[in-house]
Amino acid sequence: MKNFSHLLIKEIKELLNKQLIISLVFILVIFNFIGNVTRSEMKKAMARQKVAVLDLDRSDISRNIIGALNMAGFLIEEKAGDKEKAVQEVRNSGPDLLVVIPEGFGESARNLQPVTVETYSFLKGLSIASRTKSEVVRALLNSTNEYLSNEFLKKKIPDTDPKLLKAPIKNREFVVVRERQAEGSVAAIVNALTAQNFILPVILMMIIMYSAQMVITAIAMEKQNKTLETLLTVPISRGAIVMAKMLGAAIVGLLSAVIYMFGFRNAFNFSDVDITRALGGITPILKQLGLTISTQGYVLFGISLFLTILCALSLATILGVLAEDYRTAQSLSVPLVFIVMIPYFISLFADINTMSLPAKILVLAIPFSHPFFAMQNIMFGNLNMVWLGIVYNFLFVVVMLWWTTRIFATDRVLTMKLKWRKKKVVL
Amino acid sequence: MAVVLEVEGLKKKYGSLEALKGVSFKVEEGEIFGLIGPNGAGKTTTLRIISTLLTPSDGRVTFLGFDLKKNPEKFREKISYLPEEAGAYRNMKGIDYLNFMAKFYAGDEAKASEYVERAVTISGLGERLKDKAGTYSKGMTRKLLLARALMTRPALAILDEPTSGLDVINSLEVREMIKGFSREGVAVLLSSHNMLEVEFLSDRVALIDRGVVLDSGTPQALKEKYQASNLEIVFRRAVQ
């Protein structure tokens with residue numbers, strides 16, 4: 001045990017080298033930069049929209065429309081003079097959106113004739129704020145139409161609420177999950193769950209990839225530096241050597257993943273720009289529907305994740321034995337990364353439960369798949385699927401660990417090599 | 001002198017290739033036993049089997065009465081192996097490397113410190129031990145590794161091409177180190193394709209070629225037997 005901890009400390013120290021620390025700090029800096037830029041753009045996009053208005057009509061109705069736009073949340077900047085001058089002014093000094101209310105607008109509206117307003121959007125780039133311009137124009141027209149139609153209906157049918165006339169059918173949405181039901185929008189619930197869990201697949205992918213790469217690198221470096229032979233002749237069991245490498249890689253991999261995720265979360269945490277605040281109202285509905293994770297659920301998920309990491313480490317250890325040096329190790333970790341990507345993308349864009357049976361079997365045969373779907377299965381009560389995944393991964397780990405220890409206990413740790421086909425060079 | 005290591009009919013196959021075809025020899029306490037032969041003769045395979053890195057296809061190896069197949073861990077406790085192309089952990093300081101390796105053999109901190117102190121003396125690297133091993137020249141690395149192999153005063157030190165890649169001065173220093181330790185009672189089994197080096201170092205030698213021991217004895221006895229002035233000529237005549 002003393003020798004094992006001694007070896008484990010060495011493994012961690014070897015992996016947690018200056019290069020890794022520098023790259024992790026670099027990742028944090030980059031994420032911080034990306035986060036600040038994105039947040040600033042989103043704040044611009046979500047701030048009260050400034051709109052320039054040129055009222056050439058100056059009627060009661062046009063004045064009321066401007067008032068209604070103000071009430072609807074737009075920041076109005078009135079322009080004077082003719083249209084060309086207003087366009088020129090807005091082009092030079094903003095606010096990138098101009099509404100022109102033409103002469104005779106009020107008169108036409110009063111006579112219930114079609115009326116036209118002109119909107120000018122000044123496109124100056126492809127930022128988030130620029131992309132929301134069409135939304136602003138649409139909201140602006142909706143507000144104008146709402147005002148005019150309400151005024152019209154009030155005049156024609158004075159005793160009736162115009163809103164009732166325009167939308168006589170009210171919809172009460174109910175969402176049912178298993179035997180529970182709650183009143184709420186299904187779109188809002190799906191959006192809330194997606195927003196809450198979107199980071200989870202990224203975390204999983206990072207943890208699995210980092211740990212696997214760490215162990216492949218650790219073994220490959222022993223081979224490259226010609227230290228493996230010496231290590232294999234010291235008085236410590238081969239099983240302990242394997243376990244120290246795997247545990248060391250898991251610890252450093254986990255640490256790297258945590259730092260990476262901290263940076264990622266920091267970069268894409270938009271709570272201060274009012275996106276996730278909207279989720280607050282949906283939480284009681286989620287609770288009512290049982291779409292929250294209990295402590296037991298988290299424990300189950302933890303077991304699934306832990307076994308998956310062990311699967312990745314044992315598989316990576318064998319790949320590490322095949323590698324002759326650091327460069328080969330990097331090449332060998334590529335297929336592993338692609339295998340991890342499969343459940344990652346499926347969890348983001350598809351539903352495993354609605355896939356065809358062969359595709360489902362293929363995806364679930366990948367041991368890394370199970371934690372990606374575990375959270376969703378726990379939430380929707382498909383616990384059998386979670387347990388099946390745990391048992392499958394457990395068996396996978398047992399077989400792979402047995403195989404890995406066998407490799408380390410025999411000549412194969414030194415003689416196993418991946419043979420790359422070399423092209424013949426004709427001189 | 002008591003026999004420390006006994007190798008009998010050792011065979012090793014890599015697929016269809018028979019690397020060792022029944023190698024036998026004995027190493028006695030405090031002696032330097034040299035395996036000499038050309039590249040591919042089977043020297044390294046023999047040393048790797050004795051140091052528990054490879055498993056034999058057939059034959060028997062006993063060390064201090066322990067059988068290799070049954071008690072490989074006993075071999076690892078008492079044997080130090082210096083591979084031909086060994087390296088040290090590049091990010092570790094020389095002194096930390098010695099300390100790291102010493103702890104596997106020492107029962108406590110005091111013993112580990114004793115081993116490290118001895119290694120510092122053997123290596124002769126002085127202040128350079130405070131530098132990372134990645135900054136060492138080949139000669140310095142070899143001295144560090146030799147110090148690592150000898151610091152525990154193993155019952156048997158297995159040295160594969162101990163002066164491989166070293167310049168004349170470093171080679172001489174390393175040979176002196178090996179000689180010195182043998183005088184203190186450490187049995188040494190070494191291999192080299194440099195037959196003059198083995199002649200200088202070894203008390204007894206075995207001539208090995210294509211997985212077979214052609215002959216063995218003291219360098220003097222072999223020279224007399226084959227009427228040769230050095231072991232290179234002895235080897236050539238033994239092969240013929």
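Order of the sequence lines fixes the chain letters, A, B, ..., with proteins taken first and strands second; residue numbering starts at 1 for each chain. Here the structure is a predicted model, which is why all the values come from computation and not from measurement.
Between A:Glu222 and A:Thr227, the side chains place a donor N or O and an acceptor N or O closer than 3.5 Å (distance only, hydrogens not considered). If you check the side chains of B:Arg128 and B:Thr135, you find a donor sitting under 3.5 Å from an acceptor. Between the side chains of B:Asn170 and B:Asp167, a donor-acceptor pair is found at a separation under 3.5 Å. In this structure, a donor-acceptor pair under 3.5 Å is absent between the side chains of B:Asp67 and B:Thr62.
For a residue to count as touching a neighbouring chain, one of its non-hydrogen atoms must lie under 4.5 Å from one of that chain's; by this rule B:Ala88 touches chain A with the backbone only. The contact between A:Leu414 and chain B is made entirely by side chain atoms (from C-beta outward), counting heavy-atom distances below 4.5 Å. Looking at A:Arg238, only its side chain comes within 4.5 Å of chain B, counting heavy atoms on both sides. Contacts of A:Asn3 with chain B are made by both backbone and side-chain atoms, with heavy-atom separations under 4.5 Å.
Comparing A:Ile236, A:Val413, A:Thr410 by heavy-atom pairs within less than 4.5 Å of chain B, the highest count is held by A:Ile236. Heavy-atom pairs under 4.5 Å with chain A peak, among B:Glu73, B:Met92, B:Lys78, B:Arg90, at B:Arg90.
Figure legend: B:Lys12 and B:Tyr14 shown as a cation-pi pair, the cationic atom lying under 6.0 angstrom from the six-membered ring centre and within 45 degrees of its axis.
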